[in-house]
Amino acid sequence: MPEGHTIHRLAQDHAERFGNREVRVTSPQGKFADSAALLDGNPLTTAEAHGKHLFLGFGEADVWIHIHLGLFGKYTFGDAPVPPPTDTVRLRLATATAYADLRGPTTCALVTEGEKQAIHDRLGPDPLRAQDNGEAAWARVSRSRTTVAALLMDQKVIAGVGNVYRAEVLFRHGIDPYRLGRDLTRPEWDAMWSDLAELMREGVRNNRIDTVRPEHTPEAMGRPPRVDDHGGEVYVYRRAQQPCHICGGEIRTAGLAARNLFWCPACQQR
DNA sequence: GTAGGATGCTAAC
DNA sequence: TTAGCCTCCTACG
């Protein structure tokens with residue numbers, strides 16, 4: 001779930017349900033209780049995403065709730081009647097008509113405006129932010145001796161890409177994950193950047209990751225639809241040892257920087 | 001019932 | 001490079 005598209009969608013969902021409404025802010029689990037009490041009853045005025053970071057702003061209060069889901073964090077949205085919270089709910093926002101429950105985040109903390117800015121400053125450009133472009137990312141990539149697979153996961157280089165988008169965008173552009181940043185061409189990078197922007201925008205719309213082109217969908221190719229709890233239709237992510245949708249060769253997997261990498265060696269050449 | 005893994009990241013070695 | 005954090009779900013006895 002939690003790649004950049006999830007967080008941008010969460011920002012939208014918060015704005016829709018709670019924007020400019022006074023919200024009850026609580027921490028049934030307790031870890032955020034003191035901070036929640038400070039904000040309780042204020043209107044939610046801003047919900048903003050940068051990469052995988054979510055910021056909630058409350059009216060005059062000069063503080064933000066900074067949320068990072070990490071690997072396990074999850075949001076549940078619902079309508080009234082608001083059910084009693086379970087004891088793992090770190091943060092609950094609620095009005096008379098809607099609620100949002102946050103469980104298991106890596107980060108849920110109050111930050112000042114300055115601390116928020118520091119987070120933005122250490123993040124790279126985000127394909128989902130209108131004001132961002134791939135220029136600064138290319139400057140880093142083009143002089144890096146790191147693999148493009150590692151660079152795509154580095155939030156200082158490009159914010160919001162996770163393990164699924166990494167594997168899929170490399171496949172879509174026929175790029176070997178082990179190629180070095182400095183060996184990429186400018187057109188290759190530009191194409192990946194704009195492709196990510198489109199794929200991730202669709203991810204926000206549908207709240208899932210789909211990367212398979214129309215001509216390669218299960219219906220178009222007469223194969224059974226994918227069954228995987230992560231949802232969308234993909235080319236290589238978590239398809240190790242299965243046949244590539246395009247060439248029929250075997251999808252490979254390997255560990256890279258503590259994460260599982262997936263790719264098709266035939267379609268993705270050096 | 002238990003083990004293991006998962007779309008993430010950081011601090012410590 | 002590894003351990004640690006946080007939660008939920010599946011597979012396996």
| message | Expressed as a whole number of angstroms, how long is the span from A:Lys74:NZ to C:dC9:C1'? | response | 8 Å

| remark: Among the nucleotides B:dG8, C:dT7, B:dA6, whichever has the atom closest to the side chain of A:Arg238 is B:dA6

| field | Polar contact flag, side-chain donor to acceptor under 3.5 angstrom, A:Asp126-A:His8 | value | yes

| said: From CD1 of A:Ile158 over to P of B:dG8, roughly how many Å is that when rounded to an integer? | reply: 14 Å

| request: Could you check which of C:dT7, B:dA6, B:dG8 has an atom nearest any side-chain atom of A:Tyr237? | output: B:dA6

| request: Find the distance A:Met153:CE to B:dT10:C1' and express it as a whole number of Å. | output: 14 Å

| task | Return yes if a side-chain donor-acceptor contact under 3.5 Å exists between A:Arg17 and A:Thr97, otherwise no. | result | no

| said: Can a side-chain donor-acceptor contact be found between A:Arg103 and A:Thr88 if the only test is distance below 3.5 angstrom? | reply: yes

| message | Taking only the P atom of each, what is the distance from B:dC13 to C:dC5 in whole angstrom? | response | 14 Å

| Note: A:Arg208-A:Glu3 ion pair, threshold 4.0 Å (strictly below) | no

| said: Centroid separation under 6.0 Å, is that true for the rings of A:His120 and A:Phe55? | reply: yes

| query | Parallel under 30°, tilted from 30 to 60°, perpendicular over 60°: which one fits the rings of A:His66 and A:His53? | reply | parallel

| Taking the nucleotide of DNA chain B with the closest heavy atom to each, which residue, A:Gln155 or A:Asn260, is nearer the 5' end? | A:Asn260

| remark: From NE2 of A:His66 across to C1' of B:dT10 the rounded distance in Å is 13 Å

| said: At a heavy-atom distance below 4.0 Å, what parts of residues 29-36 of chain A sit against DNA chain C? | reply: A:Gln29, A:Lys31

| request: With heavy atoms under 4.0 Å as the rule, sort A:Thr106 into base, sugar-phosphate or nothing. | output: base

| Roughly how many Å is it from NE2 in A:His53 to P in B:dT10, rounded to a whole number? | 7 Å

| Distance, C1' atom - from C:dC8 to B:dT10, rounded to whole angstrom | 22 Å

| said: Is there a side-chain contact between A:Thr107 and the phosphate of B:dC9, meaning an N or O under 4.0 Å from OP1 or OP2? | reply: no

| task | Please state whether the phosphate of B:dG8, meaning OP1 or OP2, lies under 4.0 angstrom from any side-chain nitrogen or oxygen of A:His68. | result | no

| query | Are A:Lys52 and B:dG8 close enough that a side-chain N or O sits under 4.0 Å from OP1 or OP2? | reply | yes

| message | What is the distance, to the nearest angstrom, from the CZ atom on A:Arg103 to the P atom on C:dC8? | response | 6 Å

| query | Are A:Ile65 and A:Tyr99 in one and the same hydrophobic cluster, where Ile, Leu, Val, Met, Phe, Trp and Tyr link if side-chain heavy atoms are under 4.5 Å apart? | reply | no

| Are A:Arg186 and A:Glu135 within salt-bridge range, i.e. N to O under 4.0 Å? | yes

| task | In whole angstrom, give the distance that lies between atom CD1 of A:Ile119 and atom C1' of B:dC9. | result | 13 Å

| query | Can you check the A:Asp154 CG to B:dT10 P distance for me, whole Å? | reply | 10 Å

| Counting just side-chain N and O atoms, does A:Arg122 come under 4.0 Å of either OP1 or OP2 of B:dC9? | no

